Chemist: 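Got a structure here, written out as structure tokens. Questions coming.
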Amino acid sequence: MRLFYDEELGENMGYIDFGKKMAAPLMAAALFVMPVHTWAAEDFTGLSDAQVYDLGNSFMEKRDYGQALAAYDHILSTNGDWALVYTSRARAKYLLGDRAGAEADLNRALQFEPNLPDVYYVRGSLQYMENDFAGAEESFNRALELNPDYIDAITILGKLYFDTGRENEAVKAMSLAVEKSPTAMAYVNRAMIYAKIPDLSAANLDYNAALELDPKCATAYLNRGMLFVEQHKFNAARSDFDNAIKADPKNYNAYINRGYLSMEAKQFEEAMADFNKAVELQPDNGLAYNARGMANRRIGSYEEALRDFSRCIELAPDYELGYKSRAMFYRNMGEFDKALPDFEKIIELAPNDPVAHYDKGCLLLEMQQPDQALELFNKAVELDGGHTPQFMLNKAVAEAYLGENDVAAADFTKTIEMADNYALAYLYRGTLYSNMGLKEQARADINRVLMLEPDNQQAQELMKKLK
């Protein structure tokens, strides 16, 4: 399970100046939305429309969509033909859950300015977030027809290419963005694509280039640090997280990631300090609470851990993260009946995630419900394409529980074919063979376990019985 948080492409990109004001880049739908406040119109008294527009964009960057909406409403109440403001208001409406209102504003913007590239960029962003990749691609390309130098559109199109399996096109798009606008963030965005391919060497070179251009680019430090984590270069990762915090002391993601490093090193006091700081900086962001909950669980502060996981769920009820942490907490505490609804909610939110089905299956196996568990393991294997040994192993375990010995033996064999040094698979198949009276095959499997794990007590005890 990935513990470290990735910043989304383009999240920290600024305004692009092509001789006129552009709409603020559309941020990916926020996992954890700031509280919504409503400003009355008189709060903007004395400000020009341009100043109110800048203020609205500032609220968008802070993810305070309610105040942004109030700012845009104020402008349009007296200046109802400003297409760019309709475009920006569409973004605010969408992120507040008003999809129909967002589309109406985009259409209104096109009535006043049919060749405004920002409209197509924002429409494509909305389509992208709804997984309408074909529609999004068409919209982004239209934005680029109208403005070939629209860097945000080039960048998000590159991400779309990657998400739809077109890695080479993704790199070309990000390279075009670097060519047209060789900023630190352009290199960071291409590095993120390289890291996901993965081409870690190319990613590292781009992060280095970004930091040469901007030694205070916190996103470059943060993401290069995560790259170092993947390479198990933990000291280098910590150094980058430290530098990210120095460059941006309010970057809560850097505190969370440094906290995870400390937690893995069993430096729980340092980890808790970083997670508390993240909560302080973003009291309405569930990631920080989830991270602190994990630390509280590790140090045995179970009530505090449960409160943190539940708070994460309150803040982000439509995302799996908090449910998964709380479900695992309940399962580890033996409170299976409380864990089950959370595992079910995870599947509801992520029906195509094989791990979601696998995790619930493991719980049902512990609850002595192997028939239902087997259905879930079968679904996990189907969704995964049969590539994960653990899924196949537990499928075989459930079959063995149900007395389907031949099928179970075949699936244990498939598991071993996927991972020939998987001691647990040999142990389980050896145990099954022993129960089936196939002592020679059982001894061969248990000998293999003892070669891989000489101190495995279960294998030692079973070998004594087989002699």
Side-chain angles (χ1 to χ4, degrees), residues 10-30 33-98 101-126 139-140 142-156 177 180-181 183-186 214 248 250:
E11 184 175 83
N12 292 298
M13 294 177 69
Y15 289 68
I16 309 299
D17 184 8
F18 297 114
K20 64 171 185 172
K21 238 182 230 299
M22 305 293 289
L26 183 82
M27 293 183 289
V33 178
M34 298 289 287
V36 174
H37 307 284
T38 302
W39 278 38
E42 59 265 28
D43 289 318
F44 303 111
T45 301
L47 298 178
S48 69
D49 283 348
Q51 288 173 320
V52 176
Y53 180 70
D54 287 340
L55 191 59
N57 288 342
S58 176
F59 288 139
M60 289 298 292
E61 289 181 349
K62 296 174 183 176
R63 300 183 181 183
D64 204 342
Y65 308 126
Q67 294 205 62
L69 183 62
Y72 301 139
D73 283 345
H74 173 81
I75 298 169
L76 293 171
S77 67
T78 57
N79 191 352
D81 60 355
W82 193 351
L84 191 61
V85 180
Y86 282 108
T87 302
S88 296
R89 192 173 71 172
R91 297 165 53 241
K93 285 184 176 180
Y94 181 85
L95 292 169
L96 287 168
D98 183 4
E103 187 63 29
D105 272 355
L106 292 175
N107 290 332
R108 187 74 169 158
L110 288 174
Q111 289 177 6
F112 292 112
E113 197 169 342
N115 291 323
L116 182 64
D118 302 75
V119 178
Y120 295 98
Y121 171 74
V122 171
R123 175 170 281 157
S125 298
L126 305 190
S139 295
F140 293 141
R142 177 59 179 154
L144 288 169
E145 286 176 13
L146 295 168
N147 182 355
D149 294 323
Y150 200 154
I151 302 302
D152 287 341
I154 296 170
T155 299
I156 198 168
K180 288 179 174 289
S181 178
T183 63
M185 281 309 303
D214 181 3
D248 180 7
K250 294 185 178 181

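Keep in mind it's a predicted model, so treat the numbers as computed, not measured.
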Chemist: On a heavy-atom basis, which atom in Ala143 and which in Ala153 lie closest, and how many Å separate them?
Modeler: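 The pair with the smallest heavy-atom distance is CB-CB, 4.5 Å.
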Chemist: Using a 4.5 Å cut-off on heavy atoms from C-beta on, say whether the side chain of Asp152 contacts that of Ile156.
Modeler: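 Heavy-atom side-chain distance check fails, nothing below 4.5 Å.
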Chemist: What residues form a side chain to side chain contact (heavy atoms under 4.5 Å, CB included) with Asp214, not counting sequence neighbours?
Modeler: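 Asp214 satisfies side chain to side chain contact (heavy atoms under 4.5 Å, CB included) with Ala184, Lys216, Cys217 once adjacent residues are dropped.
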Chemist: Atom OG1 of Thr155 and atom CZ of Phe140: how far apart are they, to the nearest 0.5 Å?
Modeler: 10.5 Å
Chemist: Just to verify, what does Arg108 make a side-chain hydrogen bond (donor to acceptor under 3.5 Å, both in side chains) with, not counting sequence neighbours?
Modeler: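 Partners of Arg108 by the side-chain hydrogen bond (donor to acceptor under 3.5 Å, both in side chains) criterion, ordered by chain and then number, come out as Gln111.
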Chemist: For Asn115 versus Leu146, what's the shortest heavy-atom pair and its separation?
Modeler: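 What the structure gives for the nearest pair is O-CD1, 3.6 Å.
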Chemist: On a heavy-atom basis, which atom in Pro117 and which in Asn147 lie closest, and how many Å separate them?
Modeler: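 Here Pro117 and Asn147 meet closest at CG-CB, 4.0 Å.
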Chemist: Going by atom types only, do Ser139 and Tyr121 share a side-chain donor-acceptor pair under 3.5 Å?
Modeler: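 Judged by distance alone, the side chains do not pair up.
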Chemist: Show your reasoning for whether side-chain contact (heavy atoms from CB on, under 4.5 Å) applies to Thr87 and Val85.
Modeler: CA-CA 5 Å; Thr87 302; Val85 180; over 6 Å; no
Chemist: Can you tell me how far CD1 of Ile151 sits from OG1 of Thr183, rounded to the nearest 0.5 angstrom?
Modeler: 8.0 Å
Chemist: Should Asn57 and Leu55 count as side-chain neighbours, where that means a heavy-atom distance under 4.5 Å?
Modeler: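 Asn57 does not reach Leu55 side chain to side chain.
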Chemist: Which of parallel (below 30°), tilted (30 to 60°) and perpendicular (above 60°) describes Phe112 and Tyr86?
Modeler: parallel
Chemist: For Tyr72 and Asp105, does a side-chain donor sit closer than 3.5 Å to a side-chain acceptor?
Modeler: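 On atom types as modelled, these side chains do not qualify, holding no pair under 3.5 Å.
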Chemist: Do the side chains of His74 and Thr45 get nearer than 4.5 Å, heavy atoms only?
Modeler: no
Chemist: CZ/Phe44 to OG/Ser77 distance, rounded to the nearest 0.5 angstrom?
Modeler: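 The OG atom of Ser77 is 10.0 Å from CZ of Phe44, to the nearest 0.5 Å.
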Chemist: Suppose we screen for side-chain hydrogen bond (donor to acceptor under 3.5 Å, both in side chains). Which residues come up paired with Asn107, at least two apart in sequence or across chains?
Modeler: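 Listed in chain order: Arg123.
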Chemist: If you define the side chain from C-beta out and look only at heavy atoms, does anything of Trp82 sit under 4.5 Å from Tyr53?
Modeler: yes
Chemist: With the side chain counted from C-beta on, respond yes when Leu84 and Asp118 share a heavy-atom pair under 4.5 Å apart, and no when they do not.
Modeler: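 Yes, their side chains come closer than 4.5 Å.
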Chemist: Starting from the C-alpha separation in whole Å, work towards a yes-or-no answer on side-chain contact (heavy atoms from CB on, under 4.5 Å) for Leu96 and Leu69.
Modeler: CA-CA 9 Å; Leu96 287 168; Leu69 183 62; 3.9 Å; yes
Chemist: Quick one: CG on Leu76 to CZ on Arg89, what's the gap to the nearest 0.5 Å?
Modeler: 5.0 Å
Chemist: What I'd like to find out is whether the side chain of Leu126 reaches to under 4.5 Å of the side chain of Leu106, using heavy atoms alone.
Modeler: yes
Chemist: Between the side chain of Ser181 and the main-chain N/O of Ala177, is any donor-acceptor distance below 3.5 Å?
Modeler: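 Pair absent, no side-chain N/O of Ser181 close to backbone of Ala177.
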Chemist: Check whether any side-chain N or O of Ser58 sits under 3.5 Å from a backbone N or O of Asp54 as a donor-acceptor pair, and report yes or no.
Modeler: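 Side chain of Ser58 to backbone of Asp54, a donor-acceptor pair under 3.5 Å: no, none is there.
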Chemist: Can you name the closest pair of heavy atoms from Ala83 and Glu113 and give their distance?
Modeler: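 That closest heavy-atom pairing would be CB-CB, 3.7 Å.
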Chemist: On a heavy-atom basis, which atom in Ala68 and which in Gly56 lie closest, and how many Å separate them?
Modeler: CB-O, 3.5 Å
Chemist: Would you indicate whether the side-chain heavy atoms of Leu116 and Leu110 approach each other to under 4.5 Å?
Modeler: no
Chemist: Gln51 side chain to Ser48 main-chain N or O, any donor-acceptor pair under 3.5 Å?
Modeler: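 Flag set: sc Gln51 to bb Ser48 pair under 3.5 Å.
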